[in-house]
Peer 1: 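A single structure is presented below for examination.
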Amino acid sequence: MGKFSKYQFKNIESRWQKYWQDNKTFLAKDSSQEKFFGLVEFPYPSGEGLHAGHLRPFTALDVVCRYQRLQGKNVLFPMGMDAFGLPAENYAVKKNIPPQETTKKNIANYIRQLQSSGFSFDWSRFLSTTDPEYYRWTQWIFIKLWKKGLAYKAKENINWCISCQIGLANEEVVNGFCERCGGEVIKKEKEQWLLKITKYADRLIEGLDRVDFLEQIKIQQKNWIGRSEGAEIKFKVESKKSCSQGDRPVGGKVNNELSVFTTRPDTLFGATFMVLAPEHLIIHALEEKIENLSAVKKYIEASRQKSDLERSDTTREKTGVEIKGLKVVNPATGEEIPIFVADYVTTGYGTGAIMAVPAHDQRDWEFAKKYKLEIRPVIEGGDIEVEAYPAINGGVMINSGQFTGLTVADFKIKIIDWLQKNKIGKITTNYRLHDWIFSRQRYWGEPIPMVYCAKCAWQAVAESDLPVVLPNIKDFKPGSDGQSPLAKVEAWVNTKCPKCGGQAKRETDTMPNWAGSNWYFIRYTDPKNNKQLADPKKIKYWLPVDWYNGGNEHTTLHLLYSRFIFKFLYDIGVIPKEVGDEPYKKRTAQGMILGEGHVKMSKSRGNVVNPDDYIKKYGADALRLYIMFMGPFDQSIAWDDQGVVGAYRFVNKFWNLQAKLAKKSDTSSEIEQLLNQSIKKIGEDISQMHFNTAISQLMILTNAFDKESKIDQNIWSKLLILLSPFAPHLAEELWQLLGHQHSLAHESWPKYDENLVKKQLLTIAIQINGKVRDMIELQVDTEDSADLQKQILAREKVQKILAGSKVKKFIYVKNKIISIVF
RNA sequence: GCCGGCGUGGUGAAAUUGGUAGACACGCAGGACUUAAAAUCCUGUAGCCGCAAGGCUGUGUCGGUUCGAUUCCGACCGCCGGUACCA
C-alpha cells in the first residue's frame with residue numbers, strides 16, 4: 001500500500017462531509033424496503049450555539065442509524081429547529097432586533113455545527129417550526145382541536161411579575177421570583193386557551209403498555225397523570241341567616257351543597273370538619289351569610305399574595321380561618337360540622353374542597369390539633385394522640401353507627417352503595433393532570449388562529465386562510481396589562497368574522513413552545529407537502545418512530561403532550577389506522593453532560609463546552625468517540641478535556657494500522673476469534689446503547705492488530721465497517737484508500753461465526769473455601785468427572801492448601817468455576 | 001415527604017443468568033527516541049506487608065442467604081434528578 005502520511009483530519013473530515021452532501025448519501029427514500037425511523041429531539045437554536053450536551057444524544061442516534069443502514073434498513077434520521085421561544089424574544093426586547101433575524105442567524109450556525117460533526121441527517125427534510133409553511137399545520141391542528149371541543153377558553157392563574165408588570169412562563173420563574181428582574185411573582189387571573197388533555201388521560205396511561213419506553217419514563221408519566229379512584233360526596237350547607245334573595249346559583253349548580261373528592265369514603269363517619277381552598281367560588285357566592293367575612297377575606301387575600309413556592313412548602317405550619325355562620329352536614333352522621341378556609345387545600349386538584357378526617361389523615365390531624373377540633377377515629381388501631389392513622393391496609397370500623405364492627409372492605413362497598421342510592425355521592429376518578437394552558441401573551445410564537453366576533457363569539461379562521469402569519473412588528477415588549485405585543489398591531493388585529501363577515505378581532509395570544517414540537521416528527525415524513533399535514537401513505541410507511549431519544553426533562557411535558565396530540569390526530573383520521581395511536585415505539589433518554597467538576601454547564605459559570613473548539617483541535621471523529629466513550633449513556637457525567645486526547649490517540653493509532661495492510665495474510669486463530677467476538681459485541685452494544693463498551697472493544701481490537709505484523713485486506717474491510725458508526729470520516733477515508741468508489745454507509749455489517757465466538761480453551765479459577773487459589777486450563781464444555789476431580793485435587797497448589805484435610809464439598813460449574821470446601 | 005436514579009482505584013469506568021473485581025481509557029511513575037521539548041513507543045500502576053515467591057484487605061455502612069455476593073434480601077448513610085400538603 002506504500003507510504004502514508006499522518007492523519008490529516010481537517011481536510012479529510014470536511015471532504016467527506018461534502019461528499020455525503022453532494023452524493024445524497026443519507027437521504028431517506030420512500031420505498032417498500034424495511035424502514036427505520038430514528039429520532040432525536042430537535043434543538044432550540046440559541047445564540048450560544050451547540051454545546052456538548054446536544055452532541056451526546058445526536059451522536060448516539062447517529063451511531064444507531066448508521067448501524068441500521070449497515071443492517072440494510074432504509075433509514076430516516078431527520079433534523080429540524082424548534083425555533084419559537086423566549087430567548088429570541090427577550091433578546092429582541094433588549095436589543096430591538098427582530099427574533100426573525102436572530103433566529104435565522106442562529107439556525108445557520110446550528111446547521112454549520114451539526115454538519116461539521118458528521119451526523120448522517122437527511123438534510124432535505126429539514127424544517128423549522130417558525131416557517132409559516134410549517135406552522136400553518138400547527139394552527140390547523142389547533143382549529144381541529146377547537147372544532148372537536150378540545151380547545152376552550154377559561155380563566156386561569158398565570159405567573160405575574162409585579163415589577164415588570166408582565167406575565168411569565170413557568171420557566172421564567174425561578175424559586176418564586178422573576179428570572180430577569182428578581183422581583184416577586186404572584187398569581188393573576190387571565191383568560192387563557194386550554195387543551196383538554198385530561199380527556200385522554202386514561203388512554204395516555206393505557207397506551208404505555210404497548211410501547212417500549214424505559215421503565216422509569218412510564219412510571220413518571222403515570223405519576224404525572226396521577227389517576228386516583230375515589231368518591232365525590234355532597235355535603236349540605238346550612239346557614240344561620242336566611243337570605244332574602246334565596247341562594248344564588250353558582251356555576252349552574254345550586255349552592256346549598258358542597259362537593260368533596262375523597263379517596264377514602266370509608267372514613268366518612270370521621271369527617272369532623274370541612275376545608276375549602278381560598279379560591280373556592282362558593283365563598284364568593286355565600287358572602288352575605290358569612291358572619292366573619294372580613295377575616296375570611298383577609299385570609300384569602302393573604303394567601304393570594306403567597307408565591308407558589310411558599311404555598312407548596314410542606315413543612316409550613318397549617319393556617320386557616322373558620323367560616324362562621326355556615327356549617328355543612330356530614331351525610332353519614334347527620335351532624336353539623338364547621339367549615340374552614342385554608343391554603344393547604346388547592347383548587348387545582350379534586351373539587352377544591354375536602355372533608356377533613358383528622359383521625360386518618362396527617363394534614364387534617366395537624367390542622368385539627370392547631371384549631372382544637374374533634375379527632376374521631378373510625379377505624380380501629382393507631383394512636384390519634386400521637387399522629388393520624390392512615391389504616392391503608394384496612395381494619396375494623398368503629399364509631400360508625402350501624403356499620404361499626406364491619407371490615408373496612410365490606411363497609412366501603414356498603415357506604416358507596418348507600419351514597420349512590422341516596423344520590424349523595426358517586427364513584428369518580430380524579431386526575432392530577434390538568435388541562436393544558438395553551439396560550440402565551442407573547443410575540444414570538446404561532447398566532448392562535450381564532451377570531452372573536454361580538455355576535456358569533458369565538459370562531460376559527462377558515463382553513464383556506466391559513467397560515468395566520470405572525471406580523472412583523474417593532475415593539476416586542478408585552479403590554480403593561482399583560483397583553484401580547486400583537487394586541488398593539490391594530491391593522492392585524494382587526495379582521496372580519498369568518499362566520500358572519502362582521503367586524504371582529506384576532507386572538508393576540510400566541511401558542512406555547514410545545515405547539516410546534518407536538519407533531520414535528522410527523523412532518524418529517526413529508527416536509528414539503530402544501531396540501532395536507534403529510535401524505536397518509538408516507539405516514540403509514542414511516543410511522544411510528546422506531547426509536548426516539550431525548551432528555552429526561554421532557555418526560556412529563558413534550559413526551560406526554562406529543563402523545564396526546566398524536567392520539568387526537570389518530571382519532572380524526574390524519575394518522576392511518578395501521579400506524580396505531582402511539583407515536584413512538586421506543587423511547588430512551590441520555591444522561592446530562594456536566595461541566596468539569598460536576599456542575600451544570602452554563603454561560604455564567606463559563607464552563608460551556610463548545611464542540612467547535614474540539615473539532616478544530618482533534619477532529620469530529622475524536623470528539624464523537626470521546627462523547628460515546630466517556631461513560632454509560634444514560635447517566636450524567638462530567639466533561640473531561642483530557643478524555644478527548646485518548647480518543648484522538650485512538651484515531652491516529654487506527655489510521656497507522658494501514659501500514660500493516662497486506663493483500664492476503666494468514667490470520668491467527670486468536671485474532672480470528674477476537675474479530676468474531678467483536679462483531680457480535682459491538683453490534684449488541686450499539687443496540688443496547690452501551691456505546692462505551694463498544695468503543696472499548698474497538699480499542700481492544702485495534703491494540704491486537706497493532707501487535708500483528710500484517711493485516712489481511714478482507715479483515716481490514718470488516719474493521720472499517722465496525723469503526724464507521726463511531727468515526728465515519730476516518731472509516732470512509734480508509735475505505736476509499738482500499739480502492740472503493742462509493743461510501744461505505746450502505747455496505748453490510750459483517751457476519752460473525754458463533755463457533756468462533758466461543759473460546760476453545762478456558763482458564764478456570766479454582767476456589768478453596770471461597771478464595772481463588774489456582775487456575776486451570778480446560779477445554780470448553782469439559783464435563784464433570786471423577787477423573788477430573790482427582791486431577792484437580794492432585795494439583796500442587798491445591799494440595800498445599802488442603803494440607804491433608806478432608807474435602808467436604810467439590811463444586812464444578814461447567815465453563816465457570818471450581819469450588820472446593822474443606 | 002414522596003417518586004426515580006446512583007454509590008467500585010488518583011480519575012471516567014468494566015464485570016453474560018450470583019462464578020478470577022478493576023477490562024478499556026485518562027492521569028501518574030520509570031525507560032527508549034531527541035541537543036532539548038512535544039509527539040510516539042515500551043514497562044509498571046487498588047491498598048498494605050515482602051527482595052521475591054506469596055499473603056492479607058478491598059465494590060458507601062452494618063447484617064443475612066450461599067461453596068461463592070459489585071450482583072440477591074433486610075436495615076441504614078450519602079449524592080443527583082423530578083415533584084403534588086393530591087384529599
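The analysis underlying the following values was restricted to heavy atoms, covering all of them including side chains, and did not include hydrogens, waters or symmetry mates. Lettering of chains follows the sequences in order, A, B, ..., and the numbering in each one begins at 1.
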Peer 1: Could you please name the option among B:A25, B:A87, B:U17 that lies closest to any side-chain atom of A:Lys816?
Peer 2: B:U17
Peer 1: In this structure, how many angstroms lie between the P atom of B:A39 and the OH atom of A:Tyr618, rounded?
Peer 2: 10 Å
Peer 1: Round to the nearest Å and state the distance from A:Met628 atom CE to B:G12 atom C1'.
Peer 2: 14 Å
Peer 1: Indicate whether OP1 or OP2 belonging to B:C67 is found under 4.0 Å from a side-chain N or O atom of A:Lys809.
Peer 2: yes
Peer 1: May I ask you to say whether A:Lys814 pairs ionically with A:Glu783, meaning some side-chain N is under 4.0 Å from a carboxylate O?
Peer 2: yes
Peer 1: In whole angstrom, what separates A:Asp685's CG from B:A15's P?
Peer 2: 8 Å
Peer 1: Say you pick atom C1' in B:G4 and the same atom in B:C48; how far apart are they, in whole Å?
Peer 2: 40 Å
Peer 1: Between B:U83 atom P and A:Trp224 atom CH2, what is the distance in whole Å?
Peer 2: 6 Å
Peer 1: Between B:C42 and B:A52, how many Å separate the two P atoms, rounded to a whole number?
Peer 2: 25 Å
Peer 1: Report yes if a side-chain nitrogen or oxygen of A:Arg363 is closer than 4.0 Å to either non-bridging phosphate oxygen (OP1 or OP2) of B:C86; otherwise report no.
Peer 2: yes
Peer 1: Let me know, please, whether A:Ala647 or A:Asn552 comes out on the 5' side of the other along RNA chain B by nearest nucleotide.
Peer 2: A:Ala647
Peer 1: With a 4.0 Å limit, can you tell me whether A:Arg773 has a side-chain N or O closer than that to the phosphate oxygens OP1/OP2 of B:C67?
Peer 2: no
Peer 1: Please report, rounded to the nearest Å, how far the P atom of B:C6 is from the CD1 atom of A:Ile637.
Peer 2: 14 Å
Peer 1: At 4.0 Å (heavy atoms only), tell me whether A:Gly226 reaches a base, stays on the sugar-phosphate, or touches nothing.
Peer 2: nothing
Peer 1: Measure up the A:Phe633 and A:Phe691 rings against each other and bin them: parallel (under 30°), tilted (30 to 60°), perpendicular (over 60°).
Peer 2: perpendicular
Peer 1: Rounded to the nearest angstrom, tell me the gap between atom CD in A:Glu553 and atom C1' in B:C80.
Peer 2: 15 Å
Peer 1: Below 4.0 angstrom from OP1 or OP2 of B:U40, is there any side-chain N or O of A:Asn656?
Peer 2: no
Peer 1: Quick one: do A:Glu229 and A:Arg227 make a salt bridge, cutoff under 4.0 Å?
Peer 2: yes
Peer 1: Is it the case that the side chains of A:Asp613 and A:Tyr618 hold a donor-acceptor pair, with the cut-off being a distance below 3.5 Å and no angle test?
Peer 2: no
Peer 1: Quote, to the nearest angstrom, the P distance that separates B:A37 from B:G54.
Peer 2: 38 Å
Peer 1: On the nucleotide B:A84, are OP1 or OP2 found under 4.0 Å from the side-chain N or O atoms that A:Asn223 carries?
Peer 2: no
Peer 1: Report the base-pairing partner of B:A25 (Watson-Crick or G-U wobble, both distances below 3.5 angstrom), or none.
Peer 2: B:U11
Peer 1: Classify A:Met775 by what it touches in the nucleic acid, base, sugar-phosphate, or nothing, heavy-atom distance under 4.0 Å.
Peer 2: base
Peer 1: Specify the glycosidic conformation (syn or anti) of B:G74, with syn defined as within 90° of 0.
Peer 2: anti
Peer 1: Does the ring of A:Tyr344 carry A:Lys318 above it, NZ/CZ under 6.0 angstrom from centre and within 45° of its axis?
Peer 2: yes
Peer 1: Does the structure show a Watson-Crick or G-U wobble partner for B:G58, both distances under 3.5 Å? Name it, or say none.
Peer 2: none
Peer 1: Students often mix this up, so state it plainly: with edges at 30° and 60°, are the rings of A:Tyr349 and A:Phe261 parallel, tilted or perpendicular?
Peer 2: perpendicular
Peer 1: Do A:Ser696 side-chain and B:C24 base share a donor-acceptor contact under 3.5 Å?
Peer 2: no
Peer 1: Using atom P of each nucleotide, how far apart are B:U8 and B:A15 to the nearest Å?
Peer 2: 15 Å
Peer 1: Considering only atom C1', compute the distance from B:C51 to B:U57 and round it to an integer number of Å.
Peer 2: 22 Å
Peer 1: Do A:Lys318 side-chain and B:C85 base share a donor-acceptor contact under 3.5 Å?
Peer 2: yes
Peer 1: With C1' as the reference atom in both, quote the distance from B:G9 to B:C28 in angstrom, rounded to an integer.
Peer 2: 13 Å
Peer 1: Return the 5'-most residue of the pair A:Gln635, A:Ile801 with respect to RNA chain B, ranking by each residue's nearest nucleotide.
Peer 2: A:Gln635
Peer 1: Can you tell me the distance, in whole Å, between the CG atom of A:Asp361 and the C1' atom of B:A84?
Peer 2: 14 Å
Peer 1: Taking atom C1' in both B:C33 and B:C41, what distance in whole Å separates the two?
Peer 2: 8 Å
Peer 1: Expressed in whole Å, how much space separates the C1' atoms belonging to B:C86 and B:A14?
Peer 2: 43 Å
Peer 1: Looking only at side-chain N and O atoms, does A:Gln642 come under 4.0 Å of OP1 or OP2 in B:G27?
Peer 2: yes
Peer 1: Tell which nucleotide pairs with B:C86, taking only Watson-Crick or G-U wobble pairs whose two distances are both under 3.5 angstrom.
Peer 2: none
Peer 1: Regarding A:Asn692, tell me which of base, sugar-phosphate or nothing describes its non-hydrogen contacts under 4.0 Å with the strands shown.
Peer 2: sugar-phosphate
Peer 1: Going by the angle between their ring planes, with limits at 30° and 60°, are A:Tyr561 and A:Trp436 parallel, tilted or perpendicular?
Peer 2: parallel
Peer 1: Rounded to whole Å, how long is the line connecting atom CG of A:Asp774 with atom P of B:C67?
Peer 2: 22 Å
Peer 1: Can you find a donor-acceptor N/O pair under 3.5 angstrom joining the side chain of A:Lys771 to the base of B:U20?
Peer 2: no
Peer 1: Does B:U40 have a Watson-Crick or wobble partner in any strand here, with both distances under 3.5 angstrom, and which is it?
Peer 2: B:A32
Peer 1: Hey, does A:Ile811 reach any base, or is it just sugar-phosphate, or nothing, if we go heavy atoms under 4.0 Å?
Peer 2: base
Peer 1: Answer yes or no: is there an ion pair linking A:Arg795 with A:Glu777, defined by an N-O contact shorter than 4.0 Å?
Peer 2: no
Peer 1: Within the pair A:Arg649 and B:U40, is there a side-chain N or O less than 4.0 Å away from OP1 or OP2?
Peer 2: yes
